[in-house]
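Remarks on the structure that follows.
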Amino acid sequence: MKTITIRDLRQRWPQAEKALQLEDEIIVTRDGQPVAKLVRVVQPKTRRRRWTPEDHRKWIKKVFGNKVFPSSDAQLAAARAALAAAM
């Protein structure tokens, strides 16, 4: 188990972080006495896959086939214009 002083932790964080990757835990000391323990955090595996546009496009193609949907840009622009005129 590695120990490091508070001063070294503040001034040499990159080295402490690298040491933490090799060690399971590091004891932080002040005046030679342990005051804290740093432990490595292991990120849990995500249960869901990240959203990607390509996968979404494939899903839409699978669900809706070759249907073409009209763009909603004109409707959004009209709604925004009406909202701006009302203000």
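Small disclaimer: the values here were computed from a predicted structure and weren't measured. Any value given below was found using the heavy atoms of this structure, including those in side chains, with hydrogens, waters and symmetry copies removed.
Within the structure, no pair that satisfies the salt bridge (Lys or Arg N to Asp or Glu O under 4.0 Å) test touches residues 67-87, not counting sequence neighbours. Sorted by first then second residue, the salt bridge (Lys or Arg N to Asp or Glu O under 4.0 Å) pairs that include residues 3-24, not counting sequence neighbours, are Asp8-Arg12, Asp24-Arg40.
Val28 and Trp13 fall within the same hydrophobic cluster, defined by Ile, Leu, Val, Met, Phe, Trp and Tyr side-chain heavy atoms under 4.5 Å apart, directly or through other members.
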Stepwise side-chain contact (heavy atoms from CB on, under 4.5 Å) check, Ile4 with Gln15: CA-CA 11 Å; Ile4 190 169; Gln15 290 86 358; over 6 Å; no
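Partners of Arg30 under the salt bridge (Lys or Arg N to Asp or Glu O under 4.0 Å) rule, at least two apart in sequence or in another chain, do not exist in this structure. Residues satisfying the salt bridge (Lys or Arg N to Asp or Glu O under 4.0 Å) criterion with Lys37, sequence neighbours excluded, are Glu25.
Membership of an apolar cluster is not assigned to Leu76, as no side-chain contact below 4.5 Å to another ILVMFWY residue is traced. Cluster partners of Leu83: none. The rule joins Ile, Leu, Val, Met, Phe, Trp and Tyr whenever side-chain heavy atoms lie under 4.5 Å apart, and it links nothing here.
Annotation for Glu54: atom CD counts as buried by contact number, over 12 foreign heavy atoms lying within 6.0 Å.
His56 and Trp51 have tilted rings, their planes meeting at an angle from 30° to 60° on a 0 to 90° scale.
With rounding to the nearest 0.5 angstrom, the CG atom of Leu22 is 9.0 Å from the NZ atom of Lys2.
Of the residues Ile6, Thr5, Thr29, the one that meets the side chain to side chain contact (heavy atoms under 4.5 Å, CB included) test with Val35 is Ile6.
Ile26 and Ala16 make their closest contact through CD1-O, 3.7 Å (heavy atoms, listed as atom of the first residue, atom of the second, distance).
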